[in-house]
Protein chains: 2
Amino acid sequence: MTTRWLSPDEQRAWRAYIAASLLLEDTIDRQLQQEAGMPHLYYSILANLSETPERRLRMTELAEGLKITRPRLTYAVARLEKDGLVRRESCESDKRGSIAVLTGEGMAVLERTAPGHVETVRTALFDRLTPEQVGQLEEIFTSVTAGLQGEDGPFEGLPWRRRSAPPCS
Amino acid sequence: MTTRWLSPDEQRAWRAYIAASLLLEDTIDRQLQQEAGMPHLYYSILANLSETPERRLRMTELAEGLKITRPRLTYAVARLEKDGLVRRESCESDKRGSIAVLTGEGMAVLERTAPGHVETVRTALFDRLTPEQVGQLEEIFTSVTAGLQGEDGPFEGLPWRRRSAPPCS
DNA sequence: CGGGCTTGGTTCAAGTTTGAAGCAAACCTA
DNA sequence: TAGGTTTGCTTCAAACTTGAACCAAGCCCG
């Protein structure tokens, strides 16, 4: 089958997206590195943990939620643990398991740095969008995520996909 | 001033965007690593070069177009040069300058791998969007780019910004 | 039980990215 | 035209990411 190249509209959209996403991530990483001494992903790990009832999550659940691979998470959590922001506990009901727990210090860092982070996201992104565009953004990217990890799509083989979710709270 | 947190709508949009952009980049990187033996950025370098009249660009122009820092580009081009896909020439009119030139072999790799790449982008993204959404995508991210590197915005200090564009074709 | 398969997680080496520092050529400006 | 500053690019060390290999614990079925 002959290649279906991108239309001019699609080309422009694609390039706009690529450029902006690089700039945006760089901006956020830089701001968080300044204020919190860690890149965006590491901040997201703390944020994710802080939102669970017990401020704890199994490694695999965390990796799945963040859409990253497990080795990447292992490395990141090791660093956060060294900094005292996260602690690791082993899972009682499944002795293979490992649970990341947000420490008090981790929570404190999060609370201290959240306002600056939100401000950056706001200034760089949301302050420039109309309410309709916010809705469009959500719709577009929710759909993309569904396609990339949904049961039906052509990308089943992505390595971070999991089949079951162990509880072990 | 008290923090303006994200509204629920904004939260959802932000999370959808973060998740999808990670999945999308991973998917594209993986596909290109398979088919072309290089990550997305490196492919983009070849693609950018191929679109200029003489298939050549000054390092700084290239970095600026790709929205990446110069050390990052230096490293990437060094690798591509080692692989024979890019050659470096020194600039006559400005002896500090260095010019990246796409080789015949580089062009061949690009032509061989472009269809698979486009197919991935299409499957992961554009096949899931309506024509209106393609337009929305472009508008949103064009605006974000403008904000992050425009003359007026609050992010003047980003290190990749340049003031002038040397010709030195 | 006992062998094989799967799952949760880490480790390892190789590759990439980052920000600061360095270096040489070009550009002032007095 | 000399001295200082800027510009273009690279180098360096430290941090991060990747994918493959690994290990131990659970699972499955006989």
Side-chain angles (χ1 to χ4, degrees), chain A residues 22 25-34 37-43 45 57-64 66-83 88-100 157-168, chain B residues 22 25-34 37-43 45 57-64 66-83 88-100 157-168:
Chain A
L22 280 166
E25 258 306 280
D26 262 355
T27 302
I28 291 173
D29 271 336
R30 201 174 313 281
Q31 189 270 329
L32 279 172
Q33 198 65 257
Q34 283 284 321
M38 67 183 80
H40 188 194
L41 174 65
Y42 293 54
Y43 176 92
I45 291 172
L57 232 29
R58 281 194 65 153
M59 294 296 279
T60 300
E61 290 182 290
L62 196 43
E64 188 183 351
L66 293 165
K67 270 56 176 160
I68 63 174
T69 59
R70 283 179 297 184
R72 188 175 179 185
L73 180 62
T74 295
Y75 180 89
V77 167
R79 198 261 228 197
L80 292 171
E81 185 169 36
K82 186 166 61 59
D83 294 348
R88 255 138 146 177
E89 291 179 5
S90 66
C91 179
E92 287 313 314
S93 61
D94 179 348
K95 281 173 190 159
R96 295 167 301 179
S98 168
I99 304 179
L158 295 182
W160 49 74
R161 299 229 32 235
R162 284 194 45 252
R163 268 61 184 169
S164 58
C168 184
Chain B
L22 280 166
E25 257 306 279
D26 263 354
T27 302
I28 291 174
D29 271 336
R30 200 175 313 282
Q31 189 271 330
L32 280 172
Q33 198 66 257
Q34 284 284 320
M38 68 183 77
H40 188 194
L41 174 65
Y42 293 54
Y43 176 92
I45 292 173
L57 232 29
R58 282 194 64 154
M59 294 294 279
T60 299
E61 290 183 289
L62 196 44
E64 188 182 352
L66 292 166
K67 271 53 176 161
I68 62 173
T69 59
R70 284 179 297 184
R72 188 176 179 183
L73 180 62
T74 295
Y75 179 88
V77 166
R79 198 261 230 196
L80 292 171
E81 185 170 36
K82 186 165 62 58
D83 295 348
R88 255 137 146 177
E89 290 180 6
S90 65
C91 178
E92 287 311 316
S93 61
D94 180 347
K95 282 173 192 159
R96 295 167 301 179
S98 169
I99 303 179
L158 296 183
W160 49 73
R161 301 231 28 238
R162 282 193 47 254
R163 269 59 184 169
S164 57
C168 184

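Per chain, numbering begins at 1; letters A, B, ... match sequence-line order. Please read all numbers here as calculations on a predicted model, not as lab measurements.
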Taken to the nearest whole Å, CZ/R79(A) to C1'/dA14(D) is 11 Å
Of Q33(A) and M59(A), the one whose closest nucleotide on DNA chain C sits nearer the 5' end is M59(A)
Interatomic distance, CG@L32(A) vs CZ@R30(A), rounded to 0.5 Å, equals 11.5 Å
Classify the nucleic acid contact of S98(A) as base, sugar-phosphate or nothing, counting any heavy atom under 4.0 Å across all strands shown.
sugar-phosphate
Between R79(B) and G37(B) the two heavy atoms that sit nearest each other are NH2-O, 3.2 Å
Out of dT10(D), dT18(D), dT17(C), minimum distance to the side chain of T69(A) belongs to dT18(D)
Rounded to whole Å, NZ of K82(A) lies from C1' of dC16(D) at a distance of 13 Å
Review point. Side-chain N or O of Y75(B) less than 4.0 angstrom from OP1 or OP2 on dT17(C)?
Key: no
Here the distance between atom P of dT17(D) and atom NE2 of H40(A), to the nearest Å, is 12 Å
Side-chain contact check for T60(B): nearest option of dG8(C), dT16(C), dC9(D) is dC9(D)
E25(B) atom CD is separated from dT17(C) atom P, nearest whole Å, by 10 Å
Note: S98(B) and R88(B) closest approach over all heavy atoms is OG-CG, 3.8 Å
Query raised in the report: With side chains defined as the heavy atoms from C-beta onward, is the minimum distance between C91(A) and R96(A) less than 4.5 Å?
Result: no
It should be established whether R58(B) places a side-chain nitrogen or oxygen under 4.0 Å from OP1 or OP2 of nucleotide dC9(D).
yes
Looking only at dT10(C), dT16(C), dT18(C), the nucleotide nearest the T74(A) side chain is dT10(C)
Per nearest nucleotide of DNA chain C, the residue lying toward the 5' end, Y42(B) or G97(A), is G97(A)
Rounded to whole Å, the CD1-P distance (I45(B) to dT16(C)) equals 11 Å
When rounded to the nearest 0.5 Å, the distance separating CD1 of I99(B) from CE of M59(B) is 11.0 Å
For nucleotides 20-29 of chain C, which of its nitrogen or oxygen atoms have a protein nitrogen or oxygen under 3.5 Å away, and what is each distance?
unit_1, atom_1, unit_2, atom_2, d
dA26(C), OP1, K95(B), N, 3.0

Rounded to whole Å, the CZ-P distance (R70(A) to dC12(C)) equals 18 Å
Checklist line | Side chains of H40(A) and E25(A) in contact at under 4.5 Å (non-hydrogen atoms) | finding: yes
Residues passing the side chain to side chain contact (heavy atoms under 4.5 Å, CB included) test with R72(A), sequence neighbours excluded, are L41(A), I68(A), T69(A), L22(B)
Checking dT18(C), dG8(C), dG15(C) against the side chain of D26(A) (C-beta onward), the nearest is dT18(C)
Rounded to whole Å, the CD1-P distance (I68(A) to dG19(D)) equals 13 Å
Between CG of L73(B) and C1' of dT17(C) the distance, given in whole Å, is 13 Å
